Amino acid sequence: VKHFAQPAREGAGARPGREEAEAAVRTLIAYVGDDPDREGLIETPARVVRAWEELCRGYRESPAAALERTFEDVGGYDDLVLVRDIPFVSHCEHHMLPILGRAHVAYYPGEVVVGLSKLARLVDVFAKRLQTQEKLNTEIADALHATLKPRGAAVMIDAEHLCMSLRGACKGGARTVTTRFTGLFRDDPGEQLRFLALLGRGEPG
């Protein structure tokens, strides 16, 4: 099994080992009222830790690396590039419950374009971390703008937060929509409207 590895983040203490992480899961199982030593749960701590290694793999991935393969020969194309409906699963940093959504990513090429699948990979680099939707939206757009140097970038995220659907307010099906615009999209409201029209959204608000 490939172990989860990442540098310690600024302000963080030493990263716990696997045994400590599994012990924490055992403690949580006992806290909610079950027996971590019963047959059905004895392997659960190890499974949970492996699952979270996968769910949070974005901490050991680089947005620049996701976008590093670019192309200059695009036959003179300089219009909008839009990839709609990129599905993603993230986890909210407040309750560690899933965020289920779709990202719509667009840009006006500068000197290069990037493979379309790389935009989906960029979404996952940031989605596979503990997140808020607002920060996730901003990180995707800003990384795209900083790495590809496009004339403008636009990102919209439409998602359901299970921390709102399954607990607290218990409003299943409620969705949150966020946007981030850079360059031409930020400076020209007409470009924002074009982006929204291509998504079938009409005017903002």
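In what follows, residues are counted from 1 in the order of the sequence shown. Predicted model only: the values in this text are computed from it and were never measured.
- A salt bridge is defined here as a Lys NZ or Arg NE, NH1 or NH2 lying under 4.0 Å from an Asp or Glu carboxylate O, and Lys135 with Glu93 meets this definition.
- The two atoms that bring Arg47 and Gly40 nearest to each other are NH1-O, 4.4 Å, heavy atoms only.
- Within the 4.5 Å cutoff, the side chain of Ser165 has heavy atoms near those of the Leu162 side chain.
- With hydrogens and angles ignored, the 3.5 Å screen pairs no side-chain donor or acceptor of Glu160 with any backbone N or O of Gly172.
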### Query
Can you check side-chain contact (heavy atoms from CB on, under 4.5 Å) on Val114 and Leu148, steps first, answer last?
CA-CA 8 Å; Val114 69; Leu148 293 187; 3.7 Å; yes
### Task
Check the pair Leu28 / Val25 against side-chain contact (heavy atoms from CB on, under 4.5 Å), numbers first and verdict last.
CA-CA 5 Å; Leu28 183 59; Val25 177; 5.5 Å; no
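- A side-chain contact (heavy atoms from CB on, under 4.5 Å) with Ile86 is found for one member of Val155, Leu116, Val123 and no other, namely Val123.
- Contact check for Arg57 versus Asp124: side-chain heavy atoms found under the 4.5 Å cut-off.
- Looking at Glu54, its side chain never comes within 3.5 Å of a backbone N or O of Ala51 through a donor-acceptor pair.
- Connection of Leu199 to Tyr107 is not established within any shared hydrophobic cluster, with ILVMFWY side chains joined at heavy-atom distances below 4.5 Å, either directly or through further cluster members.
- Pro109 and Arg151 get closest at one heavy-atom pair: O-NE, 2.9 Å.
- The main-chain N or O of Asp158 is found under 3.5 Å from a side-chain atom of Arg175 such that the two form a donor-acceptor pair.
- Salt-bridge check for Glu53 with Arg18: passed, with a basic side-chain N closer than 4.0 Å to an acidic carboxylate O.
- Looking only at side-chain heavy atoms (C-beta outward), Ile99 and His91 stay at 4.5 Å or farther from each other.
- A donor atom on one side chain and an acceptor atom on the other are found under 3.5 Å apart for Gln133 and His161.
- For the pair Arg129 (side chain) and Val125 (backbone), a donor-acceptor distance under 3.5 Å is present.
- In this structure, His104 contributes its side chain and Asp85 its backbone to a donor-acceptor pair below 3.5 Å.
- Atom OH of Tyr77 has more than 12 neighbouring heavy atoms from other residues, nucleotides or ligands inside a 6.0 Å radius.
- The main-chain N or O of Gly190 is never found under 3.5 Å from a side-chain atom of Arg194 such that the two would form a donor-acceptor pair.
- The shortest distance between side-chain heavy atoms of Ile157 and Leu136 falls below 4.5 Å.
- Side chain of Thr182 to backbone of Ala153: a donor-acceptor contact under 3.5 angstrom is found.
- Nearest heavy atoms, Leu130 versus Cys56: CD2-SG, 4.3 Å.
- How far OG1 of Thr179 is from CD of Glu134: 11.0 Å, rounded to the nearest 0.5 Å.
- For Tyr108 and Phe185, the gap between ring centers is short of 6.0 Å.
- Looking at every heavy atom in both residues, His95 comes nearest to Cys92 through N-SG, 3.0 Å.
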